[in-house]
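The figures that follow rest on heavy atoms only: side chains count, while hydrogens, waters and symmetry mates do not.
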4 protein chains.
Amino acid sequence: MPKRAIPAQEKRGRPRSRRTETAILRAANELITSGGLADLTMEGVAERAGVGKASIYRRWPSKGALAFDAVVGGILATQPTPDTGSFEGDLRQTARSWVRSANSPRGGRTVAGLIAEVQSDPDLAKVWRERFVSRIRQERRPIIERAIARGEIPVGSDPEMILDLLYGPLYHRYLNGHLALSDSFAKELAHMVAAAAANGAVVRGREVLRSRAVR
Amino acid sequence: MPKRAIPAQEKRGRPRSRRTETAILRAANELITSGGLADLTMEGVAERAGVGKASIYRRWPSKGALAFDAVVGGILATQPTPDTGSFEGDLRQTARSWVRSANSPRGGRTVAGLIAEVQSDPDLAKVWRERFVSRIRQERRPIIERAIARGEIPVGSDPEMILDLLYGPLYHRYLNGHLALSDSFAKELAHMVAAAAANGAVVRGREVLRSRAVR
Amino acid sequence: MPKRAIPAQEKRGRPRSRRTETAILRAANELITSGGLADLTMEGVAERAGVGKASIYRRWPSKGALAFDAVVGGILATQPTPDTGSFEGDLRQTARSWVRSANSPRGGRTVAGLIAEVQSDPDLAKVWRERFVSRIRQERRPIIERAIARGEIPVGSDPEMILDLLYGPLYHRYLNGHLALSDSFAKELAHMVAAAAANGAVVRGREVLRSRAVR
Amino acid sequence: MPKRAIPAQEKRGRPRSRRTETAILRAANELITSGGLADLTMEGVAERAGVGKASIYRRWPSKGALAFDAVVGGILATQPTPDTGSFEGDLRQTARSWVRSANSPRGGRTVAGLIAEVQSDPDLAKVWRERFVSRIRQERRPIIERAIARGEIPVGSDPEMILDLLYGPLYHRYLNGHLALSDSFAKELAHMVAAAAANGAVVRGREVLRSRAVR
DNA sequence: TGTTAAACGAGACGGTACGTCACGTCTTCCG
DNA sequence: CGGAAGACGTGACGTACCGTCTCGTTTAACA
């Protein structure tokens, strides 16, 4: 977890330099987009940033945490929540822009590298969940809420399930590469998810689908 | 890619010892289930197997390839394709047994480690796709075919899409950990996928959903 | 060399704090006697003294210089020049008390550490010579002068040579550890040095032995 | 302690390469003679020798141990035991050649650096005593034995004391630098030691002076 | 008595070297 | 001649201190 997540400057003494931090983040970002997260080394970042290794470790406990901060802001910025006027349109738009960024030659595999990193670093996993996955999901909730308000899907539809139904298949193809992450896949996926949401919940009547957060 | 995939023993001289191979695979398996794939080292395997490092590299080109062979057979064996008599029942059964093995304390995270490894090793990625992902998907196709035969879902339903709709959300929660991989999630997911398959394709008439394999 | 050797307070502003200086010296002393000079670090001293590193560097240019000031005063104080009434008695007394302090479990190796430090720090070497070695030698000269006055050794005996003959073997065993620094060694050494001083110069007649200081 | 002191090749597998060892020793030697022992770094040696750091650590546990092996052979070779026909002549010759090598601009301070290193490394100290100090002393014993045989000094004279009387003052000036290590000092020192040996023991009659080795 | 400049504690900074680890390759000798 | 043993060069790791520097905060002497 990046230490800057703890903003309190309790101690006296020389404060952390913003210049140093920016230099590190920029260097890390450049190395990641040019060579992938596997080519990122703390020594490489230190050298390119003109910074001592200790200055990196003072801020980030691991390569993954640094990569996260170097990269996630940019990713989040390029993925706004669409509002097309229809549920399926919103889903389609969301999937399409996700597919596009996953296919981008520069940085398209960055998220894959981060997810890989997350699998062996519990601390990073927590940050990943809270500051990336959950955050995007939170941002996307209005899509479901508006769909309910419009009467496109039943009241009580489980937003978590709907989001998993949308993002799950996208990430699945992204990480396993068994099938193309094409634009048409995005379109058809959106259609299927819309159908599931519209009809899936009805079968169970008024009952609300529930999923509980874990950990 | 494990070289034993090339079974031909062209050369003369002493053939590769099966005992050596088994010892390596067993050692690798033990290390993976006890400490996770991140703790697996070639040196550790060599020592535990009582084997020279060269004997490992003679057979497997990378840690990931070895781990794959050490682990995938067992995983495949524990995930038979169910035949419950109904589409949703088959999906539910599939999801449930997947969830169960993902939650197993020993080895539950092994697949996560392999997927992580795959992200930075194109050769391994190919093996992973062909010998794990695609293989399981192939094995699961009868579920869809039987559902079509029973008339539960339209003729022309895209099996790839249906499988992605099922496995995608499972892997999504498994790798990101944002929500619990519970039994009830498996049940509800199966329900939603069934609803999508039953209604999604219908909306678009007779048109067949298509997805093309990539790479 | 401690900058406090230059007492002039030309500047305005807050003067150097005596409390700070004492805290540093005490901390250094404690660390040296507890762990040897090799374990002494500027950061350790700063922390233990509750002092900024800059406050140390403001006063002492190097670890060795600080150690010197932290330690030498105490050493000099415990080694008075004896006056037993005979030349050999004085030598014996000198050697014995030297041996005793070299064998003391706390601090017995401190001088060894300082001599080690001195070998790679010319500035410290100068301080060491002028404020420790030469000072002790100066203090011990009365032993030789009284011996001449008593007629125990020839007029014109070289005090430098005699002191080297006494201290040389002591330090030699102390630093190399090839033989015990025992009390009986001190006694026998004193006897040999007395014999040398009484007879060595005589052989060469009235000629005065000379040695010149260097550097 | 250099591991090559244990010559037994018990294990199988690739044996230590002599080429690597020589390269390391040569690199170390060059760095020491060009910059002093304080400038010697393991990384520097590795780079200059074209060798991995691990290959150094595999053989020598510390910088001091490496320096010892890189340097001591050459030193021992340049200091033969003289045989001039007289006790004082032998002592003088010994002291003179010692002085000369201590004053040599290249490598003259190397022994000082090693003695410094020895003060904070007990393992190295043992090697130093056994393979340098004691060894030279052993080689010099014939000087005393021949002097006894010639009747220049009493039977039962303590060779350890005589050697300390000779080497002690030399090392004392060498390490402390309080007075010049001149040729004339060597001469006068030899004279004093001869006088002490001739007269010192006599005073105490037949009694044999004794010193016991320690540790 | 208020101003002011240096000393203060704290600790961040760019560095260097440390000693360790695992990599993938290469070499030796045993069976 | 296959295979265990393990040495090899490589390169990154994370740590420890170095000596310098920048913060705000005292604090004593000057004005």
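- Going from atom CD1 of Ile56(B) over to atom P of dA22(E) covers 13 Å, rounded to whole Å.
- Closest heavy-atom contact between Leu37(D) and Ala67(D): CD1-CB, 3.6 Å.
- With hydrogens and angles disregarded, no donor-acceptor distance shorter than 3.5 Å links the side chain of Ser55(B) to the backbone of Val51(B).
- Taking every side-chain heavy atom of Arg58(A) into account, dA12(E) is the closest of dA7(E), dA12(E), dA10(E).
- Between Arg59(C) and dC8(E) there is a side-chain N or O to OP1 or OP2 distance below 4.0 Å.
- Between the side chain of Glu117(D) and the backbone N or O of Lys63(D) there is no donor-acceptor pair closer than 3.5 Å.
- Residue-to-nucleotide proximity on DNA chain F shows that, of Thr41(C) and Ala54(D), the 5′-proximal contact is made by Ala54(D).
- For the pair Lys63(B) and Ala49(C), nearest-nucleotide mapping onto DNA chain E gives the more 5' position to Ala49(C).
- Leu31(B) has its CG atom 14 Å from the C1' atom of dA22(E), to the nearest Å.
- Under 4.0 angstrom from either OP1 or OP2 of dC13(E) there lies no side-chain N or O belonging to Arg14(A).
- Across Gly52(C) and Ala46(C), no two heavy atoms sit closer than the pair C-CB, 4.3 Å.
- The existence of a salt bridge linking Arg16(D) and Glu21(D) is excluded, since no basic side-chain nitrogen approaches an acidic carboxylate oxygen closer than 4.0 Å.
- If one axis is set at each end of the helix from dT1(E)-dA31(F) to dG31(E)-dC1(F) from five pairs, those axes are 10° apart, to 10°.
- One interatomic measurement links the two molecules: CE of Met42(B) to P of dA5(F), which rounds to 17 Å at whole-angstrom precision.
- No engagement by Gly44(B) is indicated, since no non-hydrogen atom pair under 4.0 Å with the nucleic acid exists.
- Annotation: the span from Lys53(D) atom NZ to Thr41(D) atom OG1 amounts to 9.0 Å, rounded to 0.5 Å.
- Distance Trp60(D) CH2 to dA7(F) P: 14 Å, rounded to the nearest Å.
- When atom types are taken as modelled, the side chain of Gln119(C) and the backbone of Leu175(D) share a donor-acceptor pair closer than 3.5 angstrom.
- Distances shorter than 4.0 Å separate some side-chain N or O of Ser55(D) from OP1 or OP2 on dG9(F).
- Comparing dG24(E), dT10(F), dG14(E) by their nearest atom to the side chain of Val51(A) picks out dG14(E).
- In this structure, Asp121(A) does not pair ionically with Lys126(A), as no charged nitrogen and carboxylate oxygen lie closer than 4.0 Å.
- Taking atom CD of Glu47(C) as the reference point, atom C1' of dA12(E) lies 16 Å away to the nearest angstrom.
- Rounding to whole angstrom units, CG of residue Asp39(D) and P of dT16(E) are separated by 14 Å.
- Scanning atom types as modelled, no donor and acceptor separated by under 3.5 angstrom connect the side chain of Lys53(C) and the base of dG9(E).
- Contact check, Arg16(C) against dA6(E): no side-chain N or O comes under 4.0 Å of OP1 or OP2.
- In this structure, Arg18(C) places its CZ atom 14 Å from P of dA28(F), rounding to the nearest Å.
- Taking atom OH on Tyr57(A) and atom P on dA12(F), their separation rounds to 12 Å, with Å as the unit.
- Put simply, Ser17(C) has no side-chain N or O that comes within less than 4.0 Å of OP1 or OP2 on dA7(E).
- Residues Leu40(A) and Thr20(B) each lie close to DNA chain F; by heavy-atom proximity, the contact nearer the 5' end of the strand is made by Thr20(B).
- Of all nucleotides listed (dT20(E), dT25(E), dA17(E)), dA17(E) comes nearest to the side chain of Glu43(D).
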